Amino acid sequence: MRTVMIGQKVPPLSVSEWVQGQSVNFEQLRGQVVLVAVFQVNCPGCFLSCLPQVLALKQRYAESGLTVLGLATAFEDFDKNNLQNLKRLIETGEVVGETLRVLSGRGLLQDGKLPYRLDFPVAMDRLTKREFGSIESEIDAFISQRLSDLEQDIGLRQPHVRAQVKQYLQTLDYHAETFEFFQLQGTPSYILVDRAGLLVQCKFGAYPDLETDILKLL
């Protein structure tokens with residue numbers, strides 16, 4: 001799969017459907033700083049940190065030239081991270097799975113629903129049926145993209161580790177095209193694009209410098 005590198009022009013997102021808002025791409029948003037929040041419906045951390053964070057940033061900086069987009073993806077739990085549950089989330093605020101369990105346990109829901117709504121365009125990543133050509137190359141790509149930081153420490157090239165990765169990959173039914181195109185490592189992730197349509201940052205997990213980086217671009 002093709003990838004885009006930091007400093008390169010970002011092509012349109014590969015999505016199956018815009019669930020909220022009009023279809024939009026980076027070319028149409030030239031002149032704006034664009035922040036894409038990548039999340040999964042069944043991802044408690046996405047709702048504890050990422051989505052509230054980007055909502056607050058949108059409220060603070062939309063008038064200064066920041067556009068926020070949401071991209072729901074799926075690299076696991078395909079029975080929960082799907083278009084149907086995304087539509088229910090957008091339309092009613094209902095959450096499912098681990099998100100429901102964790103947010104309920106912390107008292108962060110109102111009648112089982114989010115106390116806020118996502119007030120920016122949201123799309124579903126394009127999922128394609130996975131067909132393994134060379135499973136060994138899939139294993140190499142997974143280790144390189146998702147586990148590279150740990151590779152030296154725990155010997156990820158050892159046969160038993162490769163066997164575990166192979167077993168995991170064979171449980172995956174689909175490719176998430178945008179998730180894999182940007183070589184994202186998990187959710188939540190952030191894709192930050194400057195006013196010229198160039199990729200500035202792809203970040204997985206906590207992003208404490210996000211607001212600072214956005215201000216530099218604005």
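Just the heavy atoms: all of them, side chains too, but no hydrogens, waters or symmetry mates, feed the values below. It should be emphasised that the depicted structure is a prediction, and the values quoted were computed from it without experimental measurement.
N82 pairs by the side chain to side chain contact (heavy atoms under 4.5 Å, CB included) definition with Q84, N85, not counting sequence neighbours. The side chain to side chain contact (heavy atoms under 4.5 Å, CB included) test applied to E91 returns K87, not counting sequence neighbours. Residues that satisfy the disulfide bond (SG atoms under 2.5 Å apart) test with C202, not counting sequence neighbours, are absent from this structure. Partners of R117 by side-chain hydrogen bond (donor to acceptor under 3.5 Å, both in side chains), not counting sequence neighbours, listed by chain and number: Q20. Taking D77 as the reference, N42, D79, N81 meet the side chain to side chain contact (heavy atoms under 4.5 Å, CB included) condition, with sequence neighbours excluded. For C50, there are no disulfide bond (SG atoms under 2.5 Å apart) partners, not counting sequence neighbours. Partners of L48 by side chain to side chain contact (heavy atoms under 4.5 Å, CB included), not counting sequence neighbours, listed by chain and number: V102, L103, R106, L108.
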Less than 3.5 Å apart, which donor and acceptor atoms pair up between the side chains of residues 24-33 and the rest of the protein, not counting sequence neighbours?
unit_1 : atom_1 : unit_2 : atom_2 : d
N25    : OD1    : E27    : N      : 3.0
N25    : OD1    : Q28    : N      : 3.0
E27    : OE1    : K9     : NZ     : 3.2
E27    : OE1    : R30    : NH2    : 2.9
E27    : OE2    : R30    : NH2    : 3.4
Q28    : OE1    : N25    : N      : 2.8
R30    : NE     : A196   : O      : 3.1
Q32    : OE1    : T67    : OG1    : 2.9

Can you give me every donor-acceptor pair (side chain of residues 203-218, partner residue at least two apart or in another chain, under 3.5 Å) with its distance?
unit_1 : atom_1 : unit_2 : atom_2 : d
Y207   : OH     : D213   : OD2    : 2.5
E211   : OE1    : R60    : NH2    : 3.4
E211   : OE2    : R60    : NE     : 3.3
E211   : OE2    : Y61    : OH     : 2.4

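Among pairs with a residue in residues 95-104, those fulfilling side chain to side chain donor-acceptor pair (under 3.5 Å) read E98-R101, at least two apart in sequence or across chains. The ring-ring contact (aromatic ring centres under 6.0 Å, His included) analysis of residues 88-128, with sequence neighbours excluded, yields no pairs. Within the structure, side chain to side chain donor-acceptor pair (under 3.5 Å) contacts touching residues 47-59 (residues at least two apart or in different chains) are Q53-Y190.
Partner T73 forms a side chain to side chain contact (heavy atoms under 4.5 Å, CB included) with one of D125, L86, V41 and no other, that one being D125.
Looking at heavy atoms from C-beta onward, L89 lies in side-chain contact with F39 at the 4.5 angstrom threshold.
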